[in-house]
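Chain letters run A, B, ... following the sequence lines, proteins first and then strands; every chain starts at 1.
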Protein chains: 2
Amino acid sequence: MGDMVETTDTGLPRAVAIAWGMEEVPQRGPSRGLSHERIVGAAIEIADAEGLAAVTMQAVAKSLGFTTMSLYRYVSSKEELLWLMQDAALAIPEKLKLPADWREALRVWAGVIRVAYRSHSWALDIPRGPVSVLMPNSVRGANHGLAALRDLPLTNDEKIGVILVISQHVAGSVELEQNLADQGVVAVPAEGVKALSEVITPERFPHLVPVMESGNYIADDTPVIESDHGIDPEYDLGLDLLIAGLEAMEQQRRQNPVDTE
Amino acid sequence: MGDMVETTDTGLPRAVAIAWGMEEVPQRGPSRGLSHERIVGAAIEIADAEGLAAVTMQAVAKSLGFTTMSLYRYVSSKEELLWLMQDAALAIPEKLKLPADWREALRVWAGVIRVAYRSHSWALDIPRGPVSVLMPNSVRGANHGLAALRDLPLTNDEKIGVILVISQHVAGSVELEQNLADQGVVAVPAEGVKALSEVITPERFPHLVPVMESGNYIADDTPVIESDHGIDPEYDLGLDLLIAGLEAMEQQRRQNPVDTE
DNA sequence: ATACTCTGTTTATGAGTTACACAGATACGC
DNA sequence: GCGTATCTGTGTAACTCATAAACAGAGTAT
């Protein structure tokens with residue numbers, strides 16, 4: 001179940017209302033010294049510089065020159081702040097010029113999302129749930145994805161499925177990239193490889209061992225060169241496969257039409 | 001960069017050594033009252049029952065009838081315990097009978113991974129990084145994935161890419177499912193939908209709005225029936241597309257061979 | 001003017017990880 | 001056998017966090 005999400009009087013999660021600029025600014029009290037924008041901006045700066053774990057209410061408040069508790073006048077919990085950060089970090093342009101060919105369009109779209117994730121990869125550590133889906137940049141992203149798929153003979157549900165799958169692939173590959181990067185490439189020294197080879201034997205893992213030996217699966221000591229063994233190939237491969245799969249589906253649909261409403 | 005990972009004298013991360021049963025049991029002191037297995041088991045029980053957030057060193061120790069600090073004789077940090085939990089939760093059988101046809105084999109393989117993830121979905125909240133890759137069940141999974149791809153005309157690097165992409169899809173869809181489930185379906189009441197419709201207009205989001213209106217994208221109030229609107233379709237769609245993409249790639253390779261070593 | 005409401009602050013609580021020092025248990029070297 | 005080094009589980013305590021509660025003052029509506 002999970003704890004309840006703070007909602008406004010419209011029934012929308014507060015984070016959603018804030019992100020869409022729908023929160024009513026109070027009239028009566030003293031004028032405010034802070035704003036959601038400034039708070040979220042400060043939090044993002046910290047996350048960029050020192051990682052999401054360094055984003056504490058105290059750190060954010062301090063960087064703004066306010067006390068910790070003052071933030072709670074703008075945000076009802078840290079979770080809410082994280083949602084606002086996630087949305088703000090994933091900036092997607094409202095207007096996006098997409099190529100006519102759907103393949104190209106999908107590539108451009110995926111690229112835009114990828115750039116957004118990569119520029120603030122900590123945003124992926126914040127759970128994406130029903131709240132995130134209603135946030136402005138998520139909505140913008142979905143709109144563009146559907147635009148790219150416009151001419152494909154798919155049902156609405158299928159189109160939504162496709163953009164979900166693709167954006168998940170993008171998110172997954174960026175996340176992998178990030179995790180490999182910041183767990184600080186565990187270069188296994190020669191002695192470690194020897195120890196492992198006593199449990200990872202060809203008899204127990206007949207398909208894996210040959211691949212490991214021929215490739216750079218385990219980097220024995222040699223510090224993995226970043227640019228060389230990045231996961232761009234993994235991103236490209238996945239996208240290529242998905243697009244090729246869609247082409248096949250398109251072919252099939254053209255021969256065997258389905259009511260796409 | 002991230003903090004350093006605790007390693008043994010072989011240079012392997014301690015979690016890896018423990019999981020493979022390579023840690024040397026001390027000789028001299030009093031006999032041990034606990035074991036890694038019992039600790040990890042207790043932690044998993046808690047995670048299953050109350051979620052990963054409920055797994056605190058204190059909770060685990062208490063459920064075993066020991067003090068919090070006693071755990072640190074077995075595990076050098078909470079992070080290490082989490083890695084052990086992740087591996088133990090993702091139990092993959094060492095032997096797995098795969099169909100001859102690679103398409104079927106991939107489906108079976110993906111299904112096995114999916115079942116593992118689903119049975120302890122909190123395991124997905126633990127970052128998968130270079131350490132995870134060396135853990136026994138990860139190695140087992142990779143081995144089976146490569147077995148499924150045995151007959152495809154791909155290079156080793158491509159095969160690794162494919163199993164990465166697929167397992168990422170599986171992980172992503174289970175994670176989505178979990179997040180939707182435990183953020184407790186934010187059913188937006190009618191008033192909220194109305195508020196949203198003032199910012200999510202057909203003019204600003206021409207491709208999205210029609211889809212939303214025709215489908216069940218936003219569930220307005222009506223409590224979403226679990227079984228109905230699950231994300232099985234999303235999982236299936238992604239897997240279908242990837243497999244269709246691989247078929248296309250196979251075709252192309254058979255006509256235009258490449259040295260797959 | 002007066003009452004109401006909102007501001008930012010101070011203070012305090014409770015949960016969490018983990019360092020450190022201790023008393024006792026156990027096996028190894030002689 | 002005996003001492004010694006080593007390992008056990010425990011108690012205490014330091015430190016970091018999120019956040020509840022009460023408060024004094026600022027600004028607006030009546």
Side-chain angles (χ1 to χ4, degrees), chain A residues 2-6 8-9 14-15 18 23-36 38-40 42-43 46-47 50-85 125-127, chain B residues 2-6 8-9 14-15 18 23-36 38-39 42-43 46-47 50-85 122 125-127:
Chain A
D3 298 342
M4 226 201 323
V5 172
E6 189 89 1
T8 63
D9 40 351
R14 266 199 77 197
I18 294 172
E23 90 297 16
E24 303 158 15
V25 184
Q27 299 299 343
R28 297 163 247 258
S31 46
R32 308 186 114 184
L34 281 173
S35 67
H36 293 114
R38 283 188 64 200
I39 293 175
V40 171
I46 295 173
E50 308 168 55
L52 192 60
V55 177
T56 66
M57 298 306 267
Q58 3 225 358
V60 174
K62 190 185 213 173
S63 85
L64 290 165
F66 282 72
T67 50
T68 307
M69 289 309 294
S70 66
L71 301 184
Y72 286 92
R73 294 282 174 209
Y74 299 82
V75 154
S76 47
S77 68
K78 185 178 180 184
E79 191 180 37
E80 198 172 290
L81 173 57
L82 290 175
W83 282 331
L84 293 173
M85 288 175 66
D125 296 337
I126 301 167
Chain B
D3 298 342
M4 227 202 320
V5 172
E6 189 91 1
T8 63
D9 40 352
R14 265 201 77 197
I18 293 172
E23 90 298 16
E24 303 160 14
V25 184
Q27 298 299 342
R28 296 160 249 257
S31 47
R32 309 186 114 184
L34 281 173
S35 66
H36 293 114
R38 284 188 64 201
I39 293 175
I46 295 174
E50 308 168 56
L52 192 60
V55 176
T56 66
M57 299 305 269
Q58 5 223 358
V60 174
K62 191 184 212 172
S63 85
L64 290 165
F66 282 73
T67 48
T68 306
M69 289 309 294
S70 67
L71 302 184
Y72 286 92
R73 294 282 174 208
Y74 299 82
V75 153
S76 46
S77 69
K78 186 179 181 184
E79 190 180 37
E80 197 172 291
L81 172 58
L82 289 175
W83 282 330
L84 293 172
M85 288 175 66
W122 45 259
D125 297 336
I126 302 167

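Side-chain contact check for A:Met57 versus A:Leu81: some heavy-atom pair is nearer than 4.5 Å. Looking at A:Leu34 and A:Arg73, their side chains never come closer than 4.5 Å, going by heavy atoms from C-beta outward. Two residues are said to be in side-chain contact when any heavy atoms from C-beta on lie closer than 4.5 Å; A:Val5 and A:Trp83 meet this criterion.
Nearest heavy-atom pair across B:Val55 and B:Lys78 is O-NZ, 2.9 Å. Of all non-hydrogen atoms in A:Ile18 and A:Glu23, the two that sit nearest each other are CG1-CB, 4.2 Å.
Here the CG atom belonging to A:Leu84 is positioned 9.5 Å from the CD1 atom belonging to A:Ile39, to the nearest 0.5 angstrom. From B:Leu52, atom CG reaches atom CG of B:Asp125 across 6.0 Å, with rounding to the nearest 0.5 Å. Note that the CD1 atom of B:Ile46 and the CE atom of B:Met85 stand 8.0 Å from one another [nearest 0.5 Å].
Rounded to a whole Å, the CG atom of B:Leu71 is 14 Å from the P atom of C:dG16. Between A:Lys78 atom NZ and C:dA15 atom P there is a gap of 18 Å when expressed in whole angstrom units. What separates CD of B:Glu80 from P of C:dT17 is a distance of 15 Å, to the nearest Å.
OP1 or OP2 of C:dG8 has at least one side-chain nitrogen or oxygen of A:Tyr74 nearer than 4.0 Å. For C:dC20, neither phosphate oxygen OP1 nor OP2 lies less than 4.0 angstrom from any side-chain nitrogen or oxygen of B:Tyr72.
Judged by distance alone, the side chain of A:Arg32 and the main-chain N or O of A:Pro26 form no donor-acceptor pair under 3.5 Å.
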Legend entry - Summary of protein contacts for nucleotides 22-30 of chain D, nucleotide by nucleotide, where a base hit scores B, a sugar-phosphate-only hit scores S (4.0 Å, heavy atoms): ---BBBS--
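Listed by residue number, the members of residues 62-70 of chain B with any heavy atom below 4.0 angstrom from DNA chain D are B:Phe66, B:Thr67, B:Met69, B:Ser70. Annotation: proximity of residues 52-59 of chain A to DNA chain D (heavy atom, distance under 4.0 Å) is found for A:Thr56, A:Met57, A:Gln58, numbered in ascending order.
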